[in-house]
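Please read these numbers as outputs of a predicted model, since none were measured by experiment. We count ligands from 1, going down the list as the structure has it; atoms in each ligand are counted the same way.
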Amino acid sequence: MLVLAIESSCDETAAAVVEDGRLVRSNVIASQVEEHKIYGGVVPEIASRRHAESISAVVNAALHDADATLSGIDCVAVTYAPGLIGALLVGVNYAKSLAYAAGLPLVPVHHLRSHVAANYLCSPAPRPPFLALVVSGGHTHLVRVSDYTTFTVLGKTRDDAAGEALDKAARAMGLPYPGGLNLDRESKGGDPTAFRFPKPRVDGAPLDFSFSGMKTAVLNLLHNAGQRGETLNLKDLGASFQYAVASILCEHTERAAKAGGDQTIVLAGGVSANSVLRAQMRALCKKNGWHLYAPDLPLCGDNAAMVGAQGYHEFLAGHVSGPGLNAYATMPIDAVTF
Ligand code: KG4
Ligand code: ZN
């Protein structure tokens, strides 16, 4: 079965053709990173405009690269939530029109579910049930994935997402957007024990996260050093901050896995590309004898192949929408409606 998938939730216009939820026949991404760089972050209005300009060419390229035509496609899957609303609407409206014109089923896909599904495109691929840590620019979730379309949120952030904290720390350290990626690159070889950060706890919710205090701690360190005319070793600061964020993510994952008796841990989302998090999670899983899965690096960030992978399973579960499909800026991963 061939799924044509479309993703436009943030700053990548992407389309892919995926076979049976597993085999990537094509995966085209038009990135807007260079355009948003001068602003230090994504400008939603610019993102929507660029999506509208490039979506047609991106979808055509995905079909061409897959050596496919619309007549060979079985359904159209599209990211419809959560994300930047203007950006999502471009993909959703394009997918609706295409599905309607070609007489194909339209499958709405939740963005975070698709990040988890990026793992199904890798070898070896995990099979539910498993425990997933979903870490992106806007979300930090610990989720039990009971089957391909049944999710239960066990813990989530009360304020900043892990990616947001890394991005803001990177920006304060003078690194260009995308912050998390550059922080990872520039902190290699730094001393992760040079700086200490508070370990936030959420009272009564041991699996919930809070990263805003840690982010403020980095900003204060930089500000206070600036006031005293001192310069901090940014490599050490970056290494220490990433180590602290990764430690919290791993501790909560360990707590959830031990409570739930999980043997399989799955990483997902843009931050799952982080080298420090991957190394710490590998060590944690090795210590406990758990199986760890993480997407191949090119599939960690936003792409449409992962939408095709999740779209396949949503379609099999009968999650098909009509031309009335809307886009939503927010939507829980465990209670999707469309
Ligand atoms: O999943 P994603 O591509 O987009 C959202 O759905 O938000 O995640 C983007 C986030 C950004 O915060 C970005 O800085 C972070 O993923 N990121 C990284 C790395 N690569 C991307 N964070 C840390 N280390 C990386 N190597
Ligand atoms: Zn994402």
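Between the Zn ion (ligand 2) and the N, O or S atoms of D302, the shortest distance is to OD1.
For residue H111, an N/O/S atom approaches the Zn ion (ligand 2) to within less than 2.8 Å.
The shell of residues lying under 4.0 angstrom from ligand 1, judged by heavy atoms, includes H111. Under a 4.0 Å heavy-atom criterion, C10 is not in contact with ligand 1.
Taking a cut-off of under 4.0 Å to the non-hydrogen atoms of G301, the atoms of ligand 1 that pass are 3 (O).
The distance criterion of under 3.5 Å between nitrogen or oxygen atoms is met by D167 with respect to ligand 1. Close N/O approach between D184 and ligand 1 is found [any backbone or side-chain N/O within under 3.5 Å]. Distances between N or O atoms of G137 and those of ligand 1 include at least one value under 3.5 Å. For a threshold of 3.5 Å applied to N or O pairs, the pair formed by G270 and ligand 1 contains at least one separation below that value. For the pair G179 and ligand 1, the shortest N or O to N or O distance does not fall below 3.5 Å. Between N274 and ligand 1, at least one N/O pair is under 3.5 Å apart.
Under 4.0 angstrom from ligand 1, the non-hydrogen atoms of H115 all belong to its side chain.
Summarising the local packing, NZ of K156 is surrounded by 12 or fewer heavy atoms from other residues, nucleotides or ligands at distances under 6.0 Å. The 12-atom threshold is not exceeded at CZ of R171, counting heavy atoms of other residues, nucleotides or ligands nearer than 6.0 Å. The neighbour count for Y148 OH, taken as heavy atoms of other residues, nucleotides or ligands under 6.0 Å away, is above 12.
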task = Assess whether side chain to side chain contact (heavy atoms under 4.5 Å, CB included) is satisfied between L63 and L4, documenting all intermediate values.
result = CA-CA 8 Å; L63 286 167; L4 172 63; 4.3 Å; yes

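Considering only non-hydrogen protein atoms, atom 2 (P) of ligand 1 sits nearest to D302 OD1, 3.5 Å.
Between F197 and F241, the ring center distance clears the sub-6.0 Å criterion. In this structure, Y312 has its ring center no closer than 6.0 Å to that of Y120.
Salt bridge annotation for D65-R25: absent, with no cationic side-chain nitrogen under 4.0 angstrom from a carboxylate oxygen.
With hydrogens and angles left out, the side-chain atoms of H51 and T13 include a donor and acceptor closer than 3.5 Å.
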